[in-house]
Number of protein chains: 2
Amino acid sequence: MNMTETAAVEGGGSLHQRILSDISEKILSGAWAPGFRIPFEHELTAEYNCSRMTVNKALSQLAKAGLIERRRRSGSFVRQPQSQAAVLEIHDIRIEVEALGLAYRYERVARQKRRSSAEDRGLLELGAAGQVLALECRHFAGKRPFAHEQRLINLAAVAEAGDEEFLDIAPGPWLIGRVPWSEAEHRIRAGGADRHIAEALDIATGAPCLVVERRTWSAEHPVTQVRFTYAAESHTLVARFRPSQG
Amino acid sequence: MNMTETAAVEGGGSLHQRILSDISEKILSGAWAPGFRIPFEHELTAEYNCSRMTVNKALSQLAKAGLIERRRRSGSFVRQPQSQAAVLEIHDIRIEVEALGLAYRYERVARQKRRSSAEDRGLLELGAAGQVLALECRHFAGKRPFAHEQRLINLAAVAEAGDEEFLDIAPGPWLIGRVPWSEAEHRIRAGGADRHIAEALDIATGAPCLVVERRTWSAEHPVTQVRFTYAAESHTLVARFRPSQG
DNA sequence: CGTTTCAATATGTATATACATAATCGTCAT
DNA sequence: ATGACGATTATGTATATACATATTGAAACG
């Protein structure tokens with residue numbers, strides 16, 4: 001029963017969590033290098049003086065988190081440094097603006113219900129033609145334009161959107177809660193503002209802007225495609241990486 | 001034993017995985033709306049004709065994935081649409097370039113070992129003064145500059161880096177595998193190329209560029225800070241979101 | 001010498017059971 | 001009414017046990 005020596009940084013109370021953090025600490029500190037075979041379940045069982053189920057729970061979680069790889073009959077091994085993945089939190093623009101301590105205002109610039117053009121279908125990755133709703137909006141921080149929004153909504157997936165004017169509520173918040181999204185894809189790039197955008201955002205033509213495009217699916221069906229163009233050159237997205245735990 | 005009716009889309013074989021995907025399907029399809037109380041463990045136990053441990057395993061995973069919230073004595077509830085989070089894969093530049101089908105080349109522009117300036121300490125979030133290594137590099141795709149790299153390495157954390165010239169290997173790949181990173185933070189923004197960058201990337205001054213800044217820690221100690229400036233205006237980062245499973 | 005077969009082994013999944021813990025509800029006394 | 005208190009309940013964690021499955025290594029065989 002040498003389980004008192006390591007004492008674990010912070011396990012969360014339960015034994016399997018302590019085992020989990022003990023091991024991930026060893027891996028993250030480099031003490032157990034990639035490729036190293038970590039002790040067998042029955043060895044950890046002895047070391048922590050607990051049942052195999054408890055050890056198994058910890059190791060299974062480590063495997064799912066990608067820190068180790070488990071091989072039957074061979075044991076569990078520390079994985080190679082995985083492809084660096086980070087979690088990007090994408091907040092509603094209202095939240096972002098209010099986090100800056102500024103007043104938020106929303107404005108709908110244009111709205112058009114139309115039969116999908118070839119370009120629309122390309123943007124939505126839509127197979128067949130059908131009705132879409134095209135929206136153009138502005139989001140303000142204080143008195144200044146903060147972001148420009150161009151959006152397509154697939155009315156075949158969200159029929160009710162066709163009856164909404166979006167004068168008082170932005171399409172983003174409207175869609176959330178109404179449509180359960182099951183998948184989303186974001187593309188992030190830098191772009192120079194074209195004349196139209198520059199005018200809408202009250203910035204110079206060609207000024208560098210962060211552009212975020214998002215496509216959303218619900219149960220395999222395309223729901224909406226949106227392009228946000230942010231006015232402030234200094235606007236930043238933050239993505240964090242922190243392995244396992246959670 | 002009414003477990004044959006739903007048949008689950010694709011569970012992965014094991015029972016607890018089937019329960020997990022059955023339930024997440026109900027949530028993602030909207031059949032069980034946010035706030036809905038999903039069946040108690042003992043009810044699912046009866047429905048799937050299995051032990052509580054098996055149900056518990058599925059529900060615990062759903063809770064950790066953030067799809068449901070569990071409350072003692074009250075039951076388990078579908079969570080409100082969570083803060084939209086996406087997984088951003090950040091690849092090594094060599095990989096990115098080669099994925100474009102172009103030849104990759106690396107060049108070290110400058111290297112300076114120095115005592116950390118106040119600015120260095122700010123960038124690295126370093127408390128005390130100490131030696132740092134400042135690097136400037138270029139990454140090429142074919143014949144054209146692809147990205148510009150400005151990097152600081154905290155020599156207190158990675159002493160060996162002080163002896164490395166980084167003429168043939170980029171600091172990114174060098175650091176990976178040598179230093180176990182435990183935490184990273186990325187900041188992504190659009191910026192106009194200043195004269196120095198524009199010259200290095202062979203683009204116009206003021207051209208919009210995607211700028212990615214990364215800070216890395218290992219066991220609470222700052223390791224490195226790096227700023228990548230991408231030449232191609234069309235260069236995009238892709239982030240995907242797909243709830244639970246794994 | 002090469003191939004097949006078989007036993008050993010570590011993990012994967014599931015069970016029945018037990019007790020701990022937190023939250024809620026009803027009861028009872030103030 | 002209001003508050004204290006204990007019973008009830010669902011989840012949280014852990015155990016011992018069992019069998020399935022994939023993989024390895026060695027023995028048996030042609």
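Numbers restart at 1 for each chain; the letters A, B, ... are given by sequence-line order, proteins then strands. As a basis for the values below, the full set of heavy atoms in this structure was taken, side chains included, without hydrogen atoms, waters or symmetry mates.
- Because its NZ or CZ atom is not both nearer than 6.0 Å to the ring centre of B:Y104 and within 45° of the ring axis, B:R94 does not count as a cation-pi partner of that residue.
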Taking distance alone, no hydrogens or angles, what donor-acceptor pairs closer than 3.5 Å link side-chain atoms of residues 163-178 of chain B to residues at least two apart or in another chain?
residue	atom	partner	partner atom	Å
B:E164	OE1	B:W174	NE1	3.3
B:E164	OE2	B:F166	N	3.3
B:E165	OE1	B:R108	NH1	3.0
B:R178	NE	B:W174	O	3.3

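- Among the nucleotides D:dT13, D:dG12, C:dT11, the one closest to any side-chain atom of A:S14 is D:dT13.
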B/S/- contact track for nucleotides 16-22 of chain D, protein heavy atom under 4.0 Å:
BBB--BS

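- Comparing A:S74 and B:F40 by the nucleotide of DNA chain D that holds the closest heavy atom to each, the one mapping nearer the 5' end is B:F40.
- Atoms NZ (B:K64) and C1' (D:dG12) sit 14 Å apart, rounded to a whole Å.
- Between B:K57 atom NZ and D:dT15 atom P there is a gap of 15 Å when expressed in whole angstrom units.
- Atom pair A:Y48:OH and D:dT15:C1' shows a separation of 18 Å (rounding to whole Å applied).
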Which atom pairs, donor and acceptor, lie under 3.5 Å between side-chain atoms of residues 27-40 of chain B and protein residues at least two apart or in another chain?
residue	atom	partner	partner atom	Å
B:S29	OG	B:E25	O	3.1
B:S29	OG	B:K26	O	3.2
B:S29	OG	B:A31	N	3.3
B:R37	NH2	B:E43	OE1	3.3

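- At least one donor-acceptor pair closer than 3.5 Å links the side chain of A:T224 to the backbone N or O of A:L152.
- Every residue was checked against the side chain to side chain donor-acceptor pair (under 3.5 Å) condition with B:T216, not counting sequence neighbours, and none meets it.
- With sequence neighbours excluded, the residues satisfying side chain to side chain donor-acceptor pair (under 3.5 Å) with A:E213 are A:R227.
- B:L59 has its CG atom 14 Å from the P atom of D:dA10, to the nearest Å.
- For the pair B:N56 CG and C:dA14 C1', the interatomic distance rounds to 13 Å; values are reported in whole Å.
- Going from atom CG of B:L44 over to atom C1' of C:dA14 covers 16 Å, rounded to whole Å.
- Applying the 4.0 Å criterion to OP1 and OP2 of C:dT15, one finds that B:T54 has a side-chain N or O inside that range.
- Rounding to whole angstrom units, CG of residue A:L15 and P of D:dT13 are separated by 11 Å.
- Put simply, CD on A:E41 is 5 Å from P on C:dT11, counting in whole angstrom units.
- Under the side chain to side chain donor-acceptor pair (under 3.5 Å) criterion, A:T45 pairs with no residue at all, not counting sequence neighbours.
- In this structure, A:S76 reaches the sugar-phosphate backbone alone: every heavy-atom distance under 4.0 Å involves primed, P, OP1 or OP2 atoms, never a base.
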